[in-house]
Every structure is written in C-alpha cells, then in structure tokens.
Amino acid sequence: VEPRSTWPVSLTARLTGLGQVRRVREVRALTGFRRHSPDADLMSADLGSDRRRRPTYPAVEIFGEGIFLRFDEKLLRKWEQQPDVHARADILIGRRRDTSWAQRLEVPGPRYVALHTLSHLLMRRLAFDSGYPSASLQERIYANTDRADRTAGIFIYTGAGDAQGTLGGLVRLGAPDNLVPLLVAALDEADVCSNDPVCIESDRQGSSNLNLSACHGCCLVSETSCESGNRLLDRQLVLGGKNVEGLLGRVLPEARH
C-alpha cells in the first residue's frame, strides 16, 4: 500500500469523504421509449389496461455495491467561480439549450462537467482493478448548485440480479488506501489521450457536439454506464488546459514531483 504521506495534498484537500457502500438496492422501471430518434414521441410502457388505476410499468430489482466520493464544497465553489472555468462550461450549456432533446440532460455547469468526467476516468480505471467488466459499472453524479445544501459527489456502483452484484471487489477498492492511488492513476492515464493533440484541443466532439475534450481514447465508457449517454464531458475542466484551470489540475505535477 502506498504511504499516505506520498498522497498529493491537492487531491486529498478536495475530498471530504470516501464511502464504502456495501449494499445497494436499485429498482429500474421502464416508463416509456422513443423510436428512431430522440425527438420522437414518447411511447408509454404502461402495462395496465385500466386507465383509472395507477400506471403499471415493467421493472427489475437488483442489488449490488458501490463507492462514494464527496468533494469539499468551499474549494469547489471557489474553483467554479473563475471566469475561464465558467466560459468553458457555458459552451456546453449553450449547446444543450439549442438542442431540443438535450433538455432532458443535466445542466452542464462547471462542477457537473468536472465531476462527471472524473467519474468516467475512475470507472475506466476501476474496470482493471475491481474484477467487474466496465459495462457493469454505473454512475450517479451529485452536482446540484440550486439547492441550499449544494451537492458535490460521485457514486459509482454495480448491481445485478445474481451473485455478480455482491462480489465485494468494488467495495474493497473504496478504502482510502486503495482509492486515492487509483484516482491518481486514473488522472495519469487521462493526461495523454491517443487522439491528442486533436482531442485536448477540441471543443466539438460526441453526439450533437455535447462533449469538449473527451473521446473514446480517454473518457468515454459504455453508454449504459453513463447517466448522460457519454455526453457533457471535458478533460480540461478536470486536468486543466491552455486557458482554464482544472479542478484537479495540480494533482499530477505534485504526484510526479
């Protein structure tokens, strides 16, 4: 185990909590679907024949495990108030506003894009160490700035209807002695993309250009693992770029020193 004295302070100072969630219960229900395109009409999946009763949807209950990362609200708020950071996120906010179907996605404020991208980087790293295939991992991003108790967290979990959801490999990696080095490794792998310099300099990637510096070589995961369908991602808001400071931009220089 890597000694804690070697952990980058620029990373640990931004983390206020690491949680090992040993049991996760999730109920997935299909409320409707669209054919052919995201702009198509929503077809209800209500199985009930009597319209006077509550709707009945097909659903499945699964159990699993997960890890939770909570970030320091004071430091996060100070970072996201920088004009260059806001300007970078505003690119995605404008494209979401101009794309009708994208209104169903989260508002890509600076903290959401940064935490969402970090979640993807960590999931890609966890796929090598947890024993689960990458498509079995899923995410929930808590990055709400409209509530009085602003949220700043990442929940990565896995679940299945059989024993795969209770193997314990993900929870074991949620221990600080394991998770902090994994975070540093995830950032190190994302520092250089196989599609650079095109990727890192790009601000038009993905479906409807709803990604900035993010592609299959560095950030994208299975679409079923992402709550936004592999959209609203940007490496620069995590690692930094030519004109913007990343949320964790100081971690790698400190770790490599």
Side-chain angles (χ1 to χ4, degrees), residues 11 37-38 69 79-80 84-99 101-130 132-141 143 154-156 182-253 255-256:
L11 173 60
S37 73
L69 296 81
W79 168 78
E80 67 183 359
D84 291 341
V85 171
H86 254 295
R88 184 76 178 173
D90 284 345
I91 299 173
L92 290 178
I93 292 176
R95 291 175 188 166
R96 174 187 177 272
R97 182 181 58 247
D98 297 337
T99 306
W101 62 265
Q103 304 298 318
R104 300 194 295 270
L105 301 176
E106 295 285 344
V107 177
R111 76 168 59 192
Y112 179 85
V113 177
L115 295 183
H116 186 208
T117 306
L118 180 60
S119 173
H120 278 225
L121 301 181
L122 184 55
M123 279 196 291
R124 288 167 66 99
R125 181 65 238 178
L126 286 170
F128 290 97
D129 295 86
S130 65
Y132 293 110
S134 60
S136 295
L137 299 175
Q138 302 205 42
E139 66 178 1
R140 287 291 182 272
I141 310 301
I154 297 172
F155 181 41
I156 297 176
L182 280 174
L183 276 168
V184 176
L187 294 174
D188 186 55
E189 291 173 355
D191 189 35
V192 178
C193 173
S194 59
N195 291 322
D196 280 343
V198 175
C199 176
I200 195 64
E201 295 177 356
S202 175
D203 62 359
R204 291 180 176 274
Q205 298 194 78
S207 175
S208 297
N209 294 322
L210 287 171
N211 284 335
L212 301 179
S213 298
C215 70
H216 283 284
C218 56
C219 294
L220 272 58
V221 297
S222 301
E223 288 202 7
T224 54
S225 299
C226 176
E227 65 177 19
S228 299
N230 271 330
R231 303 178 184 96
L232 310 182
L233 300 165
D234 181 29
R235 271 193 300 152
Q236 288 200 32
L237 285 180
V238 176
L239 297 169
K242 184 177 180 181
N243 299 313
V244 63
E245 178 185 348
L247 176 62
L248 301 177
R250 301 178 184 177
V251 173
L252 290 181
R256 293 166 178 170

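Under 4.0 Å is where a charged nitrogen must lie from a carboxylate oxygen, and between Glu189 and Arg124 no such pair does. Ion pairing between Asp84 and Arg88 fails under the 4.0 Å rule for side-chain N and carboxylate O. Salt bridge present: Asp196 and Arg235 bring a charged side-chain N and a carboxylate O closer than 4.0 Å.
In this structure a side-chain-to-backbone donor-acceptor pair under 3.5 Å is present from His120 to Cys219. A donor-acceptor contact shorter than 3.5 Å links the side chain of Thr117 to the backbone of Val113. Counting only distance, with no hydrogens or angles, the side chain of Arg125 and the backbone of Leu183 share no donor-acceptor pair below 3.5 Å. Ser119 places no side-chain N or O within donor-acceptor distance of the main-chain N or O of Glu139, the cut-off being under 3.5 Å. Distance alone, capped at 3.5 Å, is enough to place a donor-acceptor pair between the Thr99 side chain and the Arg95 backbone. Side chain of Glu80 to backbone of Val85: no donor-acceptor contact under 3.5 angstrom is found. Distance alone, capped at 3.5 Å, is enough to place a donor-acceptor pair between the Ser213 side chain and the Ile200 backbone. With hydrogens and angles ignored, the 3.5 Å screen pairs a side-chain donor or acceptor of Trp79 with a backbone N or O of Glu245. Side chain of Arg256 to backbone of Pro253: no donor-acceptor contact under 3.5 angstrom is found. Side-chain atoms of Asn211 come within 3.5 Å of backbone N or O of Asn230 as a donor-acceptor pair.
How far OG of Ser130 is from CE of Met123: 11.5 Å, rounded to the nearest 0.5 Å. Taking CG of Leu237 as the reference point, atom CG of Leu248 lies at 11.0 Å (rounded to 0.5 Å). Remark: Tyr112 OH to Leu105 CG distance equals 7.5 Å, nearest 0.5 Å. Note: Leu210 CG to Asp234 CG = 12.5 Å, rounded to the nearest 0.5 Å. Of the inter-residue distances, the one linking Gln236 atom CD with Asn243 atom CG reads 8.0 Å to the nearest 0.5 angstrom. To the nearest 0.5 Å, atom CG of residue Asn209 and atom CZ of residue Arg231 are 12.0 Å apart.
Minimum interatomic distance between Leu252 and Val184 (heavy atoms only, all atoms of both residues): CD2-O, 4.0 Å. In terms of heavy atoms, Leu239 sits closest to Leu187 at CD2-CD2, 3.8 Å. Gly109 and Ala89 make their closest contact through C-CB, 4.0 Å (heavy atoms, listed as atom of the first residue, atom of the second, distance). Smallest separation of non-hydrogen atoms from Leu233 and Ala214: CB-CB, 3.6 Å. Shortest non-hydrogen contact noted between His116 and Cys226 is NE2-SG, 3.2 Å. Residues Arg96 and Glu106 approach most closely at NE-O, 3.4 Å, considering heavy atoms.
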Handout entry: Chi angles and distances behind the side-chain contact (heavy atoms from CB on, under 4.5 Å) call for Cys218, Cys199
Key = CA-CA 9 Å; Cys218 56; Cys199 176; 3.7 Å; yes

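Side chains of Cys215 and Cys193 form a contact here, defined as non-hydrogen atoms less than 4.5 Å apart. Proximity of Ile91 to Leu212: side-chain heavy atoms (C-beta onward) are separated by under 4.5 Å at one or more points. Considering only heavy atoms from C-beta on, Trp101 comes within 4.5 Å of Ser208 through its side chain.
Within 6.0 Å of atom NE2 in His216, 12 or fewer heavy atoms from other residues, nucleotides or ligands are found, so the atom counts as exposed in its surroundings.
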